[in-house]
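Nothing here was measured: the structure is a model prediction, and the numbers come from that model. Protein chains get the first letters and strands the later ones, always in sequence-line order, with residue 1 at the start of each. Hydrogens, waters and symmetry mates play no part in the numbers below; they use all other heavy atoms, side chains included.
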Protein chains: 2
Amino acid sequence: MSAVEAGPSPEAAGVVRTPRSARAHQVVAAARTVLEAEGPEALTMRRLGEELGIRAPSLYKHVPDKAAVEAALIEEVLAETGAVLYQAVSRAGPPGSRPVVEALLAAYRAQAVAHPHLYRLVTTGRLPRAALPEGLEAWSGAPFDVAVGGDEDRARALWSLAHGMAILEVDGRYPEGADLDAMWRAGAAAFGP
Amino acid sequence: MSAVEAGPSPEAAGVVRTPRSARAHQVVAAARTVLEAEGPEALTMRRLGEELGIRAPSLYKHVPDKAAVEAALIEEVLAETGAVLYQAVSRAGPPGSRPVVEALLAAYRAQAVAHPHLYRLVTTGRLPRAALPEGLEAWSGAPFDVAVGGDEDRARALWSLAHGMAILEVDGRYPEGADLDAMWRAGAAAFGP
DNA sequence: GTCTATACCCGGATAGAC
DNA sequence: GTCTATCCGGGTATAGAC
């Protein structure tokens with residue numbers, strides 16, 4: 001794992017984004033639109049072709065395969081999420097403080113709930129690391145290090161808590177009447193100093 | 001959500017398990033074997049037919065569809081996991097104590113790591129609640145209530161932390177050199193009194 | 001009541017013509 | 001760069017043999 005520090009953008013941290021042709025970019029944009037609006041079942045190559053006014057096989061001139069489209073989407077979302085989390089953390093107070101933990105969790109939850117299908121795509125199953133820019137994954141998670149004041153193990157535990165609450169909320173796993181705001185507060189309290 | 005209390009078995013808590021024909025039971029057993037050994041891509045109706053020495057279409061005389069097979073598997077695993085977690089919690093010390101939290105997390109992690117494909121099946125995506133016995137889901141999670149001494153919000157946060165750490169570990173999401181034992185300890189410390 | 005054969009639909013992907 | 005034709009694999013409905 002390369003040493004990447006939290007910051008406002010991946011590029012500022014020395015992470016090199018994957019270059020893509022204009023047409024490939026359109027494919028990825030279409031994929032994002034379809035996935036966000038209609039979910040993963042709708043994300044088919046035929047559907048992406050439709051969206052761009054061409055036949056599905058033609059897509060393969062611009063993009064290697066479906067997995068590559070998804071990887072590109074994951075790259076976009078990791079970069080955006082990392083930036084949002086960094087913003088939240090850098091405004092809330094000194095590293096390691098309770099307000100920072102609260103701000104980080106609030107921002108994390110908001111991202112997940114606002115884009116549930118994207119959130120699942122990025123966080124579920126194995127990550128296609130080979131297709132992602134070196135260092136991007138670590139950079140996007142760096143705000144958690146800031147929030148806990150540097151302890152790696154605690155940072156990973158806090159990230160795990162955030163992901164657990166986010167994915168279970170997005171997947172509708174909590175019981176009907178559960179007070180999710182109160183649960184997120186309890187989570188912040190457990191990691192607040 | 002019906003009021004279900006933690007206990008050694010779902011039946012003891014008044015949860016009624018779904019009845020199934022002997023042949024249907026064999027189908028579910030085969031599904032478990034295939035899924036555990038080879039993962040979700042291998043879990044196809046044709047493959048289950050092979051396993052039982054019949055053609056795939058014949059399976060539909062015993063089982064409504066593939067989703068029902070998965071739901072039956074989920075039911076089995078929820079019952080088993082709930083029992084294991086109850087065991088762990090009931091031996092470790094008084095409800096709400098730090099040793100109980102540690103024992104619960106250790107048992108939870110062990111279950112997930114021992115059966116990663118089953119763990120993903122049960123915890124990923126939406127739960128097919130309509131196909132599950134009333135109360136089973138709540139019963140299987142009740143040990144978390146015991147572990148935190150009754151606070152619902154804290155119990156849900158602890159469950160979320162456990163799931164977050166378990167799924168990220170099983171999915172290989174932590175960086176190469178991460179000390180996962182230390183992370184789980186940090187998680188327990190956050191929720192230990 | 002149990003199984004088989006057949007067939008349909010869908011989705012990913014390739015080959016080769018224009 | 002786009003097309004058409006085509007293959008493959010997976011879920012599953014139907015018809016009918018025994």
Worksheet item: At what distance, to the nearest 0.5 angstrom, does CZ of Arg156(B) lie from CZ of Phe144(B)?
Response: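 Arg156(B) CZ to Phe144(B) CZ: 13.0 Å, rounded to 0.5 Å.
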[N] [atom2] sits how many Å from [X] [atom1], rounded?
X: Tyr60(A); N: dG11(C); atom1: OH; atom2: P; result: 12 Å
X: Lys66(A); N: dT14(C); atom1: NZ; atom2: P; result: 14 Å
X: Glu41(A); N: dC9(C); atom1: CD; atom2: C1'; result: 17 Å
X: Glu38(B); N: dG10(D); atom1: CD; atom2: P; result: 12 Å

Once the angle between the rings of Tyr119(B) and His163(B) is folded into 0 to 90°, is it parallel (under 30°), tilted (30 to 60°) or perpendicular (over 60°)?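 The rings of Tyr119(B) and His163(B) sit tilted, inter-plane angle from 30° to 60°.
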Worksheet item: At under 4.0 Å between heavy atoms, what does Leu48(B) touch on the DNA or RNA strands: base, sugar-phosphate, or nothing?
Response: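 Nothing, no heavy atom under 4.0 Å.
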Review point. When all nucleic acid strands are considered with a 4.0 Å heavy-atom cut-off, which category describes Leu52(B): base, sugar-phosphate, or nothing?
Key: nothing
Looking at Arg17(B), I want to see if its CZ is surrounded by more than 12 non-hydrogen atoms of other residues, nucleotides or ligands under 6.0 Å.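 Counting other residues, nucleotides and ligands, CZ of Arg17(B) exceeds 12 neighbours.
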Dump the pairs, protein N or O against N or O of nucleotides 1-8 of chain D, anything under 3.5 Å, distances to one decimal.
residue : atom : partner  : partner atom : Å
dT2(D)  : OP1  : Arg23(A) : NH2          : 3.1
dT2(D)  : OP2  : His62(A) : NE2          : 2.6
dC3(D)  : OP2  : Arg55(A) : N            : 2.5
dC3(D)  : OP2  : Ser58(A) : OG           : 2.9

Test salt bridge (charged side-chain N to carboxylate O under 4.0 Å, His left out), reference Arg32(A), set Glu75(A), Glu80(A), Glu70(A), output is Glu80(A)
Is there a path from Leu127(A) to Tyr174(B) through hydrophobic residues (I, L, V, M, F, W, Y) whose side chains come within less than 4.5 Å of each other? no
Margin query: Applying ring pair (Phe, Tyr, Trp, His ring centres under 6.0 Å) as the test, list every pair that has at least one member in residues 36-90 of chain B; sequence neighbours left out.
Written below: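 Of all non-adjacent pairs touching residues 36-90 of chain B, none passes ring pair (Phe, Tyr, Trp, His ring centres under 6.0 Å).
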